[in-house]
Asks: 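Dropping the structure in here first, questions after.
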Amino acid sequence: MSTPTVLTLPRAAPRRVLAFGAWLKNSAGLLEGDRFLPSALHGDLGTPEACIALERSVQALVAAAGGPIEAVAHDLHPDFHSTRLALHWAERLGVPAIGVQHHQAHLAVLQAEAGLDGPLLGLALDGVGLGTDGTAWGGELLRLDAHGGFERLAHLPPLALPGGDVAAREPWRLVAAVLHALGRGDEIGPRLAPGVGAAAAQGVQTMLARGLNCPVSTGAGRWFDAAAGVLGLSVRQREEAEAAIALERCAAGWLERHPQGVAVAGVGPRVREGDGAHGGGLSGDLGAAVWALFEALLAVDLQDAEACGRGAALFHAGLADALAEATLTAAERDGLHDVAFGGGCFFNRLLSQRLSARLTAAGLRVHRPQAVSCGDAGLALGQAWAAAAAIQSNIPTET
């Protein structure tokens, strides 16, 4: 196993903090002064081997510290092995255990790595992370301050996950959730039964109608899955992000044949009953734009490969434009000029490039992680930085 590279940061952290990383693609890390020492990548903490590897890495990081550790940082989710281990080490070291919201941590990576001092906007787009309200987040526009605090300004609309976590592995369930939310639940059977069976389609339709085992998520990753499902590109996923990768590949192929791109003007915001968009506002505008996009995608002829490719390109462009508009509105309102990108959805080249182009054309400075991953593997740096700033500023923290 290779030795992780110590990162030198542009400014020193105010506290020495040990961070325990994410559940997926876990990596821990030690922040002290202007140095961050990441552990090796342990993988997902759903295996005993990964948990043991994390425990060993933490011991090595504690031994490597150049002075007393002043706090430990962990995810808000109480059931993660990383959280339980952090609480154990906090008690052992006699220091505070600070819970850092997952998406704040993604964006705090840029506060550390780019030396951003002062308030900034951030787009955190990924599959899931526990929000401060106890629900699943993942399509977030946040405003971060320099003191370890943040404000949730807007988010993608919540989407029901029929069956809970299984919906993340079976995009057809998300297609059913979209149809139900659009008041088109009677189309679930005819549209989905040929691919998944009449009983399965009927079962999910009933779950949605009764609100049984249908937690909601604002995760951008789930919206990518839903779009792939609507366009017939993925019914079930064998690997993580398989549906999103298929969607991007389909869009990229169409754009190679049509370099002029796709017009999004015809997919304008509209207010739907029950979508949380009433009264306008950033979240309402985002919600209206996303629902309008899916009305357009549902009209695509799935037998026409060219139309499916255009639909995939339309989804990427429409989502990027909606997120850009919300960000630009917030930036103008608050007089901010820096935007951080964080979360695994930014591995998507089409989304990243269009968002960056829209924001930089409007005069904003866009920051992406350079030395660490924009996904969960780089989360420990953001956890540590946010926790250090919060302690320094005496901000109340989650434990």
Asks: Side chains of L18 and V95: does their closest heavy-atom pair fall under 4.5 Å?
Replies: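 SC-SC contact between L18 and V95 ruled out.
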Asks: Between the side chain of N26 and the main-chain N/O of D44, is any donor-acceptor distance below 3.5 Å?
Replies: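 Not a single qualifying donor-acceptor pair exists.
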Asks: Quick check: are there more than 12 heavy atoms from other residues, nucleotides or ligands sitting under 6.0 Å from CD of E306?
Replies: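 Result for CD/E306: enclosed.
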Asks: Roughly how far apart are Q104 CD and Q383 CD, rounded to 0.5 Å?
Replies: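 Interatomic distance, Q104 CD to Q383 CD, rounded to 0.5 Å: 10.0 Å.
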Asks: So for atom CZ, which belongs to R210, do other residues, nucleotides or ligands contribute more than 12 heavy atoms lying within a distance under 6.0 Å?
Replies: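 12 or below, so no.
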Asks: Between R358 and E325, is there a salt bridge with N-O shorter than 4.0 Å?
Replies: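 Looking at E325 and R358, the cut-off is met.
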Asks: Around atom CZ of R238, are there more than 12 heavy atoms from other residues, nucleotides or ligands closer than 6.0 Å?
Replies: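 No, because the 6.0 Å sphere around CZ of R238 holds 12 heavy atoms or fewer from other groups.
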Asks: Using atom types as modelled and distance alone, determine if a side-chain donor or acceptor of R257 lies under 3.5 Å from a backbone N or O of G253.
Replies: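 Yes, the answer is positive, given that a donor and an acceptor are paired below the 3.5 Å cut-off.
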Asks: Look at the side-chain heavy atoms of Ile, Leu, Val, Met, Phe, Trp and Tyr, link any pair under 4.5 Å apart, and say whether L141 and W137 land in one connected group.
Replies: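 Different clusters.
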Asks: Would you find a donor on one side and an acceptor on the other, under 3.5 Å apart, between the side chain of E140 and the backbone of G138?
Replies: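 Such a contact is found between E140 side chain and G138 backbone.
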Asks: Are L282 and L364 linked, directly or through other ILVMFWY residues, by side chains that come within less than 4.5 angstrom of each other?
Replies: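 Shared cluster, yes.
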Asks: So how far is it from L323 CG to L156 CG, rounded to the nearest 0.5 Å?
Replies: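 L323 CG to L156 CG: 5.5 Å, rounded to 0.5 Å.
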Asks: Can a side-chain donor-acceptor contact be found between Q353 and H316 if the only test is distance below 3.5 angstrom?
Replies: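 Q353 and H316 do not have a side-chain donor-acceptor pair below 3.5 Å.
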Asks: Give, for atom CG of D117 and atom CD of Q111, the distance between the pair rounded to the nearest 0.5 Å.
Replies: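 Nearest 0.5 Å value for the CG-CD distance: 9.0 Å.
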Asks: Step through the shown structure and confirm whether more than 12 heavy atoms of other residues, nucleotides or ligands are within 6.0 Å of NE2 on H88.
Replies: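 Buried by this count: over 12 neighbours within 6.0 Å.
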Asks: Does R11 CZ have over 12 foreign heavy atoms under 6.0 Å away?
Replies: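 More than 12 heavy atoms, drawn from other residues, nucleotides or ligands, come within 6.0 Å of this atom.
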Asks: Linking I/L/V/M/F/W/Y whenever any side-chain heavy atoms sit under 4.5 Å apart, do L255 and F224 land together?
Replies: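 Shared cluster, yes.
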Asks: Treating Ile, Leu, Val, Met, Phe, Trp and Tyr as nodes and any side-chain heavy-atom pair under 4.5 angstrom as an edge, say whether V372 and L144 lie in one connected cluster.
Replies: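 Yes: a chain of side-chain contacts under 4.5 Å links V372 to L144.
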Asks: Atom NE2 of H155 and atom CG of L142: how far apart are they, to the nearest 0.5 Å?
Replies: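 Reported to 0.5 Å precision, the distance equals 10.5 Å.
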Asks: Do the side chains of L319 and V300 join up, straight or via other hydrophobic residues, at under 4.5 Å, putting them in one cluster?
Replies: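 Result: yes, single cluster for both.
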Asks: Once the angle between the rings of H77 and F80 is folded into 0 to 90°, is it parallel (under 30°), tilted (30 to 60°) or perpendicular (over 60°)?
Replies: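 Answer is parallel, since the angle falls under 30°.
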Asks: Answer yes if the ring centres of W385 and F36 are under 6.0 angstrom apart, and no otherwise.
Replies: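 No, the ring of W385 stays outside the 6.0 Å limit from the ring of F36, centre to centre.
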Asks: Donor-acceptor pairs under 3.5 angstrom involving side-chain atoms of residues 59-68: please list them, not counting sequence neighbours.
Replies:
none

Asks: Is the side chain of Q101 donor-acceptor paired with the backbone N or O of T132 at a distance under 3.5 Å, no angle test?
Replies: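 It does not hold such a pair.
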Asks: Hey, could you give me the CG/CG distance between L381 and L31, rounded to the nearest 0.5 Å?
Replies: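 If I round to the nearest 0.5 Å, the distance is 7.0 Å.
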Asks: In terms of side-chain heavy atoms, does Q202 have a donor or acceptor partner in T206 at a distance below 3.5 Å?
Replies: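 Yes, T206 and Q202 have a side-chain donor paired with an acceptor closer than 3.5 Å.
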Asks: Around D165, counting heavy atoms of other residues, nucleotides and ligands shown, do more than 12 lie under 6.0 Å from its CG?
Replies: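 Not buried by this count: 12 neighbours or fewer within 6.0 Å.
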Asks: Would you say that more than 12 heavy atoms from the other residues, nucleotides or ligands in this model lie under 6.0 Å from the CZ of R236, or not?
Replies: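 Above 12, so yes.
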Asks: Sequence neighbours excluded, which residues qualify as side chain to side chain contact (heavy atoms under 4.5 Å, CB included) partners of A252?
Replies: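 Per chain and number, A252 pairs via side chain to side chain contact (heavy atoms under 4.5 Å, CB included) with R349, L350.
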Asks: Between H81 and E55, is there a side-chain donor-acceptor contact under 3.5 Å, judged purely by atom types and distance?
Replies: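 Their side chains do contain a donor-acceptor pair, which is all the 3.5 Å distance test asks for.
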Asks: To the closest 0.5 Å, what do you measure between CG (D34) and CG (L7)?
Replies: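 Rounded to the nearest 0.5 Å, the CG-CG separation comes out at 11.0 Å.
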Asks: Look only at the side chain of S217 and the backbone of L159, and say whether a donor-acceptor pair between them is shorter than 3.5 Å.
Replies: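 It does not hold such a pair.
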